[in-house]
Every structure is written in structure tokens, then in C-alpha cells.
Amino acid sequence: MIKINRLNWKIGGEAGYGILSAGEIFAYACLHGGLETFAYLEYPSLIRGGHNTYQVWVREDNVQSHSSHIDLLVALNKETIEKHLHELVPDGGLIYDENDNTLREYACATRQKNCFAVPMADLAKQAGGQKVIRNMVAVGSSFGLINYPYNYLFDLIARFFEKKGSKIIELNQLAAKAGYDYVNHKYSSQFEYKLKVRRINNPKILINGNEAIALGAIKAGMKFYAAYPMTPATSILHYLVAQERNYNLVVKQTEDEIAAINMIVGASFAGVRSMTATSGGGFSLMTEALGLSGMTECGTVVVIAQRPGPATGLPTWTEQGDLRFALHAGQGDFPRVVLAPGDPEECYELTFLAHNIADKYQLPVIILTDKYLAEARQTVPLFNQDSLRIDRGELADTNRLAVDARFVRYAVTMSGVSSRSLPGQAGGIFTANSDEHDDTGLANEEAKVRTIQLEKRMKKIQSLRAYIKEPIKLYGLEGADITLVGWGSTKGPILEAIKALTGEGKQVNFLQVRCFEPFPVKEVDSVLRQAKQRILIENNYSGQLGGLIREKTGIDIAEKILKYDGRPINPEEIINYVNG
Amino acid sequence: MSTGKDFETGQFPTWCPGCGDFGIWTALKNAFVEQGLAPYQICVVFGIGCSGNMASFLNVYGFHGLHGRSIPVATAIKLANHKLPVVAVGGDGDGYGIGLGHLIHAMRRNVDITYVVHNNQIYGLTKGQTSPTTEHGVVTKSTPFGAIEMPINPIALAIDTGATYVARGFSGNVKQLTELIIGAMKHKGFALIDVMQPCITFNHLNTFHWFYQRIYELDKEGHNPVDKAKAWARAMEWPTQLSVDENRIDKIFTGLFYQEYRATYESQLPQLQNQALVEQSIDDINIQPLLEKLA
């Protein structure tokens with residue numbers, strides 16, 4: 001039976017084989033033909049060798065995660081078959097390079113039906129290129145097998161290799177075409193999965209979480225970004241620095257994460273919206289200055305793209321193990337906001353919101369993502385720009401300031417938020433002080449002053465509660481039989497699982513917690529008290545959200561799906577759990 | 001026109017009577033007054049230590065940060081508003097110990113800030129432990145059998161690492177220190193002023209008297225600060241020795257060792273040519289072209 005527009009494609013090979021570009025070109029070619037995709041890359045922490053895979057799930061409806069069921073597997077090395085053949089569905093296909101002897105012998109030994117041998121290295125050579133452009137032969141072969149028009153691939157190769165010049169573009173196009181024609185003639189009638197171009201009216205983009213965060217920051221008027229490279233946060237640095245001159249940003253790679261966060265506190269003090277991004281290890285170095293941001297009331301935005309810890313951990317894999325760390329990092333009590341987007345659109349919106357909160361409420365705002373969300377690409381509608389409004393909070397009016405007196409920067413107010421002046425502003429002199437201070441910022445150790453200022457700062461948490469409009473989201477019907485509970489990047493796999501379970505006639509809904517501080521106690525409590533069966537789903541060992549929910553609401557979620565092997569939860573694991 | 005008094009917050013310094021920090025406080029105020037600056041036109045970033053406590057005595061836009069982290073904060077303030085004069089103040093523990101990593105990178109970066117280091121060769125606020133500039137063999141609370149490590153030579157380090165204005169002052173010579181601070185603030189680039197500042201409570205070796213016996217002013221010796229080799233040679237004349245000999249008399253030079261005219265970090269950012277970052281409007285930024293690239 002022919003299956004149209006539902007294909008999960010995966011290509012695998014050594015690092016250095018061009019797996020990433022093959023995958024991205026495949027995914028964008030599908031996007032341009034009006035199809036929706038979810039594109040997910042796995043790679044080890046090295047530059048050459050090792051084993052890389054890129055998976056693209058293609059459908060007509062919105063695809064929100066990867067899947068453990070592969071329909072078409074493309075092997076450029078033996079490991080791809082070794083590690084992933086078991087993921088292939090019974091009528092799935094395997095394309096491999098028959099010029100690689102080890103690979104050929106291994107592929108034949110599997111006795112897999114729908115096994116499509118392609119002389120990739122020969123075809124690359126005939127096209128006039130080196131072995132390295134086998135990746136384009138492989139992408140061409142894939143599209144030839146599923147009868148997807150070649151012209152999308154042709155155009156995309158031109159776009160991807162634009163900087164490398166026309167010769168390289170042509171070479172890659174020839175290689176892709178050779179693979180396309182070879183497989184299309186020889187094998188396409190034997191494979192039931194096909195992709196067909198659709199006409200769509202609304203333009204869409206294919207974007208990952210890191211890019212969405214960078215876009216949200218640029219849109220929010222962030223002008224200063226300082227960071228130290230750390231996987232999986234690094235691509236935010238790359239994205240922003242490329243736009244430095246187009247959008248008048250200062251993007252600084254620093255000597256370490258301590259410098260990065262101290263710098264963004266300094267830029268904020270000077271009146272500029274600022275941000276840093278790192279992973280857990282870098283955030284460990286940032287904790288002292290996170291408190292500085294809280295103490296001096298200089299608002300900052302800190303992105304933590306989580307990876308499995310502790311220590312160096314698994315640098316290129318995913319986990320949600322830093323929720324408690326983000327909530328408690330730093331000595332002493334100080335107010336902070338912790339937000340957790342679950343997909344690229346939320347990365348964009350919550351980053352914009354984070355900058356407004358940081359400015360208006362003058363405190364650090366943490367955005368928690370992870371490798372899976374940071375780097376996986378998803379098809380989404382063009383981001384909304386119209387409804388987003390910059391909110392800078394209370395800035396002191398120079399005309400109303402007394403020039404000769406110190407400015408009462410830390411005036412005690414109902415909301416805990418005080419009006420601020422910017423360095424250079426006449427009449428606005430104050431001291432931003434990491435020592436406890438009086439209301440003009442001068443160091444003060446009096447018991448009364450300490451109490452007043454600490455309470456003033458902490459009051460901000462209550463004041464800003466209403467500013468965060470959707471601290472939770474509920475997907476699916478209220479009163480469903482089963483309530484899944486999660487946060488961050490597990491959103492996609494959970495929603496995919498719910499689609500499948502609903503198709504089987506089950507009633508399942510999903511409580512997504514998007515804000516951990518201030519914790520939406522009432523909202524979470526009310527959903528969970530009504531729930532008939534609750535299942536906690538987290539990418540960590542200790543069920544950190546579960547613990548937090550119990551701490552705040554008294555509700556203990558007994559059933560848990562916890563995964564901490566560095567791999568994202570896939571929809572099938574959730575479906576299997578629910579189906580017992 | 002501002003006076004020295006305008007630069008005082010009204011809180012009287014909590015330093016020990018006779019502390020070298022008073023001289024630096026005075027020199028900073030003098031330097032600001034002589035440049036015709038009003039308190040609101042200056043930003044000073046302080047580290048942690050006796051020196052950093054000046055944050056509550058000096059009336060300017062102040063930022064009293066974390067121990068060792070004044071330089072990154074000052075750097076970012078300058079990049080956010082490069083029209084603002086930015087001075088950083090710290091001590092030898094703050095700048096040459098815990099914060100040394102930042103200092104080295106700031107010097108090669110050449111951001112236009114002035115860094116004044118109160119160098120008393122001891123940890124004062126924590127009550128008398130060894131510092132990165134404590135002489136070899138000196139007994140402190142944390143080196144009861146004498147300091148084993150060799151001290152850092154801040155002047156030589158700064159010349160080597162790329163600071164473009166390198167000077168040593170002495171808190172017992174406020175006039176010279178004032179001139180050095182003015183020179184540093186007028187200089188376009190990273191300026192380090194290492195100020196010998198006797199700690200009268202915990203450092204009984206490097207006292208005012210000890211310095212008066214040894215100090216020579218560079219400009220009186222005909223030193224030309226653009227001569228890097230000479231600057232280096234004079235920086236190396238610090239009486240570093242493998243055992244403390246109170247009777248040995250070496251020359252300690254004060255004044256401007258080295259000055260170089262090199263483009264500042266911020267002058268090489270075209271995005272800052274028209275406006276400071278803080279002056280840029282952030283309303284209605286259009287990201288449509290970026291979205292189209294992802295389509």
C-alpha cells in the first residue's frame with residue numbers, strides 16, 4: 001500500500017561525512033514542497049570520526065518530535081546499520097553505499113528486505129567530486145526513491161553552498177542528480193513510501209530553539225550579548241554575532257563564564273538589555289554573579305541549554321537535570337524568574353518576555369532549554385512580531401531629579417520595584433552595591449535596613465506573577481482519563497504521543513509547566529487535583545518537576561517516566577507506558 | 001565647577017587612620033575635579049576589599065561588584081556607553097589574585113578604561129594573609145613560615161600583556177598620583193595604575209618609610225614612556241629577592257612606565273560609530289529579513 005507524505009528518514013555516517021548538511025538540505029527541501037518536518041541531529045563530542053545521525057520526520061500535519069520508528073535509513077557507515085536497523089519499520093527501506101566493502105557485507109548479512117545498494121562513491125567520482133560529496137548522492141538517492149521532485153534539491157544545494165562558489169555548487173548538484181537518477185530508475189517502484197509536494201498558503205520556517213531565542217532577543221532590543229562557547233548553547237553566539245552589524249549589537253566572546261555574566265550585569269547597569277547563554281557547567285561559574293544581578297537589581301537574561309551532567313557529562317546529548325539548580329543557584333535569598341519554553345515558538349516568545357521582565361522588574365531571568373530543544377528544527381509559522389511590545393519599566397525622568405542629592409534608587413515601594421537612573425544621567429547618582437545597602441546604594445549593615453531592602457527585593461516575585469500570562473498550558477480535554485505532566489522539550493514527544501493515543505480512542509491531556517519561579521501553585525494544583533491518573537514525564541533521574549510540584553502543592557505524582565541516558569524521550573516510550 | 005567635596009557621599013571612610021587608601025581617594029577626587037567633571041558624568045566600578053569599600057565614600061555613579069570581577073563589569077559599561085568615562089578600583093588580591101584572568105584579557109583587549117589598583121602587598125580586609133604581590137619569604141597569617149611563591153610584577157605583566165598605559169603610583173605622593181590618573185583617563189585605551197599603598201596594620205615590611213627610602217620618579221630620571229625596552233628594564237628593577245632583607249635598598253620607580261597608541265576595542269566596532277548602544281532605540285525592531293532566511 002502506497003504511503004503518501006508520512007516518512008521518517010534517517011541518515012548516518014562518520015563525523016566529517018557531511019551528515020549535518022545532508023540532513024538540513026533534506027529537511028528544507030521538504031519544507032519548500034509544503035511539507036512539515038521535525039529534524040533532529042545526534043553527534044558525539046568530536047570533530048572527526050565517531051557516529052553522527054540526522055533524522056527528518058516528514059508529514060502534512062505539524063510534526064513536533066522525532067520518533068524511534070524509521071521508514072528510510074541511509075547508511076554511509078556500518079554503525080548506522082548496527083545501531084539503527086532495529087528502528088526500521090517492517091516495510092521500511094535501507095539505502096547504503098555498496099562501494100564500501102565492509103558496509104556492503106554488513107548490509108547483505110542483515111537480510112533486510114528493501115535493501116537498496118547504491119554505488120555512492122562511484123557516482124560521486126563520476127560527477128567529478130571527492131568521496132566527501134557522497135552525502136549529496138545519498139540525499140539524491142533518497143528523493144529518487146520516494147519520487148520527490150529533484151528541483152527542490154537543486155535549488156537548496158545552490159543556497160547551502162552559496163559561499164563556496166559555483167564550482168562546488170555544480171559538483172554537489174551533479175552528485176545529487178546522479179544518486180537521484182540511479183535510484184529512481186532502479187528502485188523507486190519497490191518502495192511504498194512517497195513524498196508529494198503540497199501547495200500551502202502561509203509561509204513557514206524551519207527553526208531550532210537556539211535560533212528562536214536569538215530572534216526573540218534581537219526583537220526585544222537586546223544589544224549586548226556576552227558568552228563563552230559551550231555546547232549546546234554555542235549556536236546562539238554564532239547566530240547573534242553574524243547579526244552584530246545588521247542590528248547594532250555588541251557580541252563578546254569572553255575569557256570565561258564569570259566574565260560573561262558580570263559583563264551582562266554591567267551592561268544592564270548602563271541601561272542596555274543584555275543576555276548570556278551557557279550550559280550547566282558554565283552556569284555553575286555564573287552563580288555568584290546571578291546573585292549580583294539580584295542584589296544590585298540589574299536585570300539580566302541567562303539561558304541555560306542543559307546537557308547531561310555532572311561535570312563535563314555528555315557534552316552533545318540532552319537532559320533536564322538543571323531545573324533545581326536554576327531555581328536555587330546562588331547564595332542567599334534573591335528574586336529570580338525561571339522560564340521553560342517547550343518548542344521554538346515558545347523560545348521566541350518567552351525570550352522576548354524575559355527581557356521585558358528583566359528590565360521592568362530588575363532581576364535575573366533564567367530561560368531553561370536543553371540540547372534537544374536547542375538544536376532540533378521544527379516547522380512553524382512565521383513568528384508574530386505585531387503583538388510584542390517593549391516594556392522598559394520605570395526609568396527616572398531627568399527633569400524631576402535634584403542635581404545635588406543622591407538618587408533614591410532603591411526606594412521602598414508597594415511592588416518592590418523602584419525607578420532607576422542610568423549612569424551619566426544628571427541627578428541620578430547612586431551605587432549599585434553587592435554589599436547590603438541603603439536606598440541610595442551605600443553599604444549599610446543595620447538590621448532594619450537589611451530587613452527592609454531584602455523584603456523589598458523579594459516582593460517583586462509576587463508583583464510580577466500576573467505579568468507572566470501563561471505559566472502553564474493545558475493541551476487536550478479537561479477531565480481526560482490520563483494527565484501527562486512535563487516541561488521543556490518533552491512537550492513535542494508528549495504531544496505526538498497524545499495524537500497517537502487519541503487515535504486509539506484514549507483520553508489523554510497534557511499539563512505543561514512553563515514557569516517555575518514564581519511557581520504557578522494554583523494553576524498546577526487545580527489541574528492536578530482534577531486529574532484521574534497522573535504521569536510525570538521528565539528527562540532526568542530525580543523527577544525534579546515532580547519534587548517541585550510536591551513541595552508547592554502537596555501532590556505526589558506516583559507514576560513517572562524518567563529518562564536519563566542522554567537521549568530525548570520519544571513518543572513511543574510514552575505510548576507504550578500508557579498502553580501498559 | 002565641582003569641588004572635592006562634591007565627590008564625597010558623606011560617609012566617612014572606615015579605613016584605618018593613616019591607611020594609604022586615603023591618598024588614593026584624594027587623588028581620584030582631585031583628578032575628577034581637575035578634569036572639570038561633575039560626579040554624575042563618571043562611573044567607577046569597585047572590587048571587594050578595603051579598596052572597594054571606597055564605593056560608599058566616593059560620590060559618582062558607582063558599581064560595587066563581586067570580588068575580582070570589577071574589570072568585566074567596567075568593560076561592559078564602557079561597551080554599553082562608550083561616551084562615559086569608566087574607572088575601575090580594586091586591590092592586589094582583587095585584581096592580581098582572584099581577578100587576574102580578567103585583567104590579562106582586558107589589557108590585550110584595550111577597552112578604554114582606567115584601572116587603579118591599591119597594591120598593599122597583603123590581604124587587609126580579611127586581616128593579613130599573603131597576596132599575589134607579597135614579597136618572597138614574608139611571614140603573614142597564611143604563610144607563618146614565610147611566603148614560598150614569588151610575587152607578581154604588575155608593571156612588567158601589563159607591559160607584556162598589552163596594556164597601553166602602564167604606571168606606578170604611590171599613595172604617599174598624591175600630586176603625582178593625581179597626574180597619573182588624569183593621564184590615564186585622557187589616554188584612549190586600557191590604563192593600569194599600580195599604586196603602592198602601605199597597609200599600616202598588616203604589612204610591617206612595605207611601610208611608608210620603606211617606600212620613601214626607595215622611590216624614584218621616572219620623569220625625573222628622563223624616562224621616555226614610548227620606549228618599551230626601557231620601560232621593561234625599569235619595571236624589572238623592583239627589589240624582588242629570594243629572602244627578605246630589610247636593609248637592602250633598591251630603586252622603586254613611580255610614574256608612567258609605558259604608553260602606546262593602539263586602537264581601542266570599541267573603536268573597532270562599526271556598530272558603535274554613530275551612537276552608543278544605550279542611545280539606540282529598541283522599539284519596533286524588524287526581524288522579518290532574519291525570518292525569511294529560515295524559510
Requested in this report: Any chance you could lay out the side chain to side chain contact (heavy atoms under 4.5 Å, CB included) test for B/Lys186 and B/Gln35, step after step, and finish with the verdict?
Outcome: CA-CA 9 Å; B/Lys186 287 188 171 160; B/Gln35 292 177 85; 4.2 Å; yes

Report task. With B/His64 as reference, evaluate A/Thr296, A/Asp435, A/Thr431 under the side chain to side chain donor-acceptor pair (under 3.5 Å) test and give the passing residue. Result -> A/Asp435

Return the option, out of [options], with the maximum number of heavy-atom pairs under 4.5 Å with chain A.
| options | answer |
| --- | --- |
| B/Gly65, B/Gly10, B/Ala38 | B/Gly65 |
| B/Ile287, B/Asn274, B/Ile285 | B/Ile287 |
| B/Arg109, B/Gln41, B/Gln11, B/Lys83 | B/Arg109 |
| B/Val60, B/Asn53, B/Leu79, B/Leu58 | B/Val60 |
| B/Asp283, B/Val45, B/Val73 | B/Val73 |

Please indicate whether [X] has more than 12 foreign heavy atoms, meaning atoms of other residues, nucleotides or ligands, lying under 6.0 Å from its [atom1].
| X | atom1 | answer |
| --- | --- | --- |
| A/Asn384 | CG | yes |
| B/Glu279 | CD | yes |
| A/Arg245 | CZ | no |

Query raised in the report: Taking NZ, NE, NH1 and NH2 as the nitrogens, is one of them in B/Lys5 or B/Glu8 under 4.0 Å from a carboxylate oxygen of the other?
Result: yes

Using non-hydrogen atoms only, which part of [X] is less than 4.5 Å away from chain B: side chain, backbone, both, or neither?
| X | value |
| --- | --- |
| A/Lys204 | backbone |
| A/Asp386 | neither |
| A/Pro203 | neither |
| A/Arg409 | neither |
| A/His437 | neither |
| A/Phe407 | neither |
| A/Ala220 | backbone |
| A/Glu244 | both |
| A/Gln425 | both |

Where does [X] contact chain A at under 4.5 Å (heavy atoms): side chain, backbone, both or neither?
| X | value |
| --- | --- |
| B/Tyr265 | side chain |
| B/Val44 | neither |
| B/Asn286 | both |
| B/Lys293 | both |
| B/Asn59 | both |
| B/Pro39 | both |
| B/Ile48 | side chain |
| B/Leu291 | both |
| B/Ile71 | neither |
| B/His102 | both |
| B/Leu277 | both |
| B/Gln288 | both |

Is there a donor-acceptor contact under 3.5 Å linking the side chains of [X] and [Y]?
| X | Y | result |
| --- | --- | --- |
| A/Ser268 | A/Thr300 | no |
| B/Asp112 | B/His82 | no |
| B/Asn110 | B/Thr164 | yes |

So which residue, [options], ends up with the most heavy-atom pairs under 4.5 Å with chain B?
| options | result |
| --- | --- |
| A/Ala270, A/Gly424, A/Ala289 | A/Gly424 |
| A/Leu249, A/Leu31, A/Asn246 | A/Leu249 |
| A/Leu215, A/Ile207, A/Asn444 | A/Leu215 |
| A/Gly441, A/Ala226, A/Gly427, A/Gly428 | A/Gly428 |
| A/Gln385, A/Gln243, A/Met222, A/Lys223 | A/Gln385 |
| A/Ile429, A/Thr440, A/Asn433, A/Thr254 | A/Ile429 |

Report task. Would you please test B/Leu84 and B/Lys78 for side chain to side chain contact (heavy atoms under 4.5 Å, CB included) and show each step? Result -> CA-CA 7 Å; B/Leu84 193 71; B/Lys78 191 70 188 183; 5.6 Å; no

Report task. Would you please test A/Glu297 and A/Arg420 for salt bridge (charged side-chain N to carboxylate O under 4.0 Å, His left out) and show each step? Result -> CA-CA 9 Å; A/Glu297 306 195 40; A/Arg420 68 185 178 126; over 6 Å; no

Query raised in the report: Are the side chain of B/Ser267 and the backbone of B/Ala263 linked by a donor-acceptor contact shorter than 3.5 Å?
Result: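 Answer holds: no.
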
**Report entry** B/Phe32 and B/Phe7 aromatic ring geometry - parallel, tilted or perpendicular at 30°/60° bounds
**Finding:** tilted

Query raised in the report: Are A/His32 and A/Asp155 close enough, and set up right, to give a side-chain hydrogen bond (donor to acceptor under 3.5 Å, both in side chains), and what steps lead you there?
Result: CA-CA 10 Å; A/His32 289 183; A/Asp155 293 345; over 6 Å; no

Query raised in the report: Is any side-chain heavy atom of B/Ile98 less than 4.5 Å from a side-chain heavy atom of B/Arg69?
Result: yes

Query raised in the report: Taking C-beta and beyond as the side chain, do A/Asp343 and A/Gln378 meet within less than 4.5 Å on heavy atoms?
Result: yes

Query - Nearest heavy-atom neighbours spanning B/Ala31 and B/Ile181 - result: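 Taking every non-hydrogen atom into account, CB-CG2, 3.6 Å.
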
Requested in this report: Establish, yes or no, whether the cationic atom of A/Arg406 lies under 6.0 Å from the six-membered ring centre of A/Phe430 and within 45° of the ring axis.
Outcome: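 A/Arg406 over A/Phe430 ring: no.
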
